Amino acid sequence: MTEQTEVRSDWHEYFMRIAEQVATRSTCNRKHIGAVIVRDKTILSTGYNGSLRGAPHCDQIGHDMENGHCVRTVHAEANAVAQAAKNGVAIEGSEIYVTASPCLTCFKLVANAGIRVIYFKEFYRDERITEYAHQASVTLVHMGDRD
């Protein structure tokens with residue numbers, strides 16, 4: 001009988017894979033994004049990009065485009081922060097795993113919510129977050145494609 005050794009994911013891979021799974025709930029077919037807020041290796045909140053609660057989704061009625069962005073959707077990071085707030089979960093000092101780097105607006109929301117580290121898989125659009133992260137003492141970690 002041969003013994004097979006399974007490779008156990010490290011914590012960063014584990015939480016990013018969960019963010020990827022969360023992204024499958026997205027209701028904007030332009031880009032599926034998932035976010036997971038974590039502190040002390042415990043999931044505090046999740047979010048994916050989609051329409052306002054109770055409002056029609058892009059997948060149902062189409063996109064509301066403005067300057068190349070669908071403004072019908074609430075971004076994954078914002079939804080994760082909102083879910084934590086709605087449920088009374090403190091996220092000060094936490095970390096967030098996102099399948100794509102945040103836009104500048106979401107970056108500012110995440111930073112002001114007290115999230116200190118942002119792990120992301122794909123860099124998405126806005127280089128300004130690098131300088132803002134430096135100014136706000138928020139660490140950005142590009143995980144890249146680690147599959």
Side-chain angles (χ1 to χ4, degrees), residues 2-60 63 68-147:
T2 58
E3 187 177 314
Q4 270 189 310
T5 305
E6 263 187 55
V7 177
R8 188 173 184 200
S9 295
D10 71 28
W11 286 106
H12 300 299
E13 291 168 342
Y14 173 73
F15 290 124
M16 186 58 76
R17 285 187 183 137
I18 292 171
E20 290 170 337
Q21 187 62 40
V22 170
T24 68
R25 293 285 305 149
S26 174
T27 62
C28 183
N29 56 11
R30 293 189 76 241
K31 191 152 190 73
H32 293 221
I33 306 294
V36 178
I37 299 175
V38 174
R39 186 176 47 243
D40 300 327
K41 299 179 181 141
T42 301
I43 295 172
L44 304 176
S45 183
T46 65
Y48 54 87
N49 57 322
S51 296
L52 294 170
R53 286 184 191 271
H57 299 292
C58 299
D59 293 355
Q60 297 168 323
H63 303 284
H69 296 278
C70 180
V71 296
R72 180 177 310 286
T73 62
V74 178
H75 291 184
E77 307 92 323
N79 271 327
V81 170
Q83 181 186 50
K86 180 176 180 267
N87 293 312
V89 177
I91 57 175
E92 176 76 27
S94 63
E95 304 174 332
I96 190 168
Y97 291 79
V98 192
T99 56
S101 61
C103 68
L104 185 57
T105 300
C106 285
F107 171 81
K108 292 184 289 185
L109 173 70
V110 163
N112 274 0
I115 295 172
R116 305 297 358 135
V117 182
I118 300 170
Y119 295 93
F120 62 93
K121 192 162 185 181
E122 169 194 348
F123 187 82
Y124 182 68
R125 293 190 187 221
D126 204 328
E127 294 283 346
R128 295 176 294 177
I129 66 169
T130 304
E131 179 59 29
Y132 279 69
H134 177 73
Q135 293 170 3
S137 298
V138 172
T139 303
L140 298 173
V141 179
H142 184 199
M143 292 179 62
D145 293 319
R146 300 174 82 183
D147 296 332

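Counting begins at 1 with the first residue of the sequence. Keep in mind that what you see is a predicted model, and the values were worked out from it rather than measured.
For the pair I129/L140, a side-chain contact is recorded, criterion being any heavy-atom separation below 4.5 Å from C-beta on. Proximity of V138 to I115: side-chain heavy atoms (C-beta onward) are nowhere separated by under 4.5 Å. Contact annotation: the side chain of I118 never approaches that of V141 to less than 4.5 Å [non-hydrogen atoms, C-beta and beyond].
Every ring-ring contact (aromatic ring centres under 6.0 Å, His included) that Y14 has, sequence neighbours left out, goes to W11. Applying the side-chain hydrogen bond (donor to acceptor under 3.5 Å, both in side chains) test to H134 and every residue at least two apart in sequence or in another chain returns nothing. Under the ring-ring contact (aromatic ring centres under 6.0 Å, His included) criterion, Y48 pairs with no residue, sequence neighbours left out.
A side-chain donor from one of Y97 and H12 sits under 3.5 Å from a side-chain acceptor of the other. Side-chain contact check for S94 and R116: no donor-acceptor pair (N or O, by modelled atom type) lies under 3.5 Å. Side chain to side chain, N49 and S26 meet the donor-acceptor criterion of an N or O pair below 3.5 Å.
Sorted by first and then second residue, the pairs that involve residues 30-46 and meet side-chain hydrogen bond (donor to acceptor under 3.5 Å, both in side chains), not counting sequence neighbours, are K31-E122, S45-Q83.
If you look at H142 and F120, their ring centroids are closer than 6.0 Å.
Classification of E20 and K121 as a salt-bridged pair holds, one side-chain N sitting under 4.0 Å from a carboxylate O.
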Which pairs would a plain distance check flag for residues 98-108, meaning a side-chain donor or acceptor within less than 3.5 Å of a matching protein atom at least two apart in sequence or in another chain?
{"from": "T99", "atom 1": "OG1", "to": "G34", "atom 2": "N", "distance (Å)": "3.1"}
{"from": "S101", "atom 1": "OG", "to": "Y124", "atom 2": "N", "distance (Å)": "2.7"}

Show me the donor-acceptor pairs, under 3.5 Å and distance only, between side chains in residues 68-76 and residues at least two apart or in other chains.
{"from": "H69", "atom 1": "NE2", "to": "R125", "atom 2": "NH1", "distance (Å)": "3.2"}
{"from": "R72", "atom 1": "NE", "to": "G62", "atom 2": "O", "distance (Å)": "3.0"}
{"from": "T73", "atom 1": "OG1", "to": "C70", "atom 2": "O", "distance (Å)": "3.4"}

Handout entry: R53 vs K86, side chain to side chain contact (heavy atoms under 4.5 Å, CB included): CA-CA, chis, key distance, verdict
Key = CA-CA 13 Å; R53 286 184 191 271; K86 180 176 180 267; 3.9 Å; yes

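A distance of 4.0 Å separates CD1 in I37 from CD1 in I91, rounded to the nearest 0.5 Å.
Between T27 and D59, the shortest heavy-atom distance links the atoms O-OD1, 2.9 Å.
Using a distance-only test at 3.5 Å, with no hydrogens or angles considered, a donor-acceptor pair links the side chain of Q60 to the main chain of H57.
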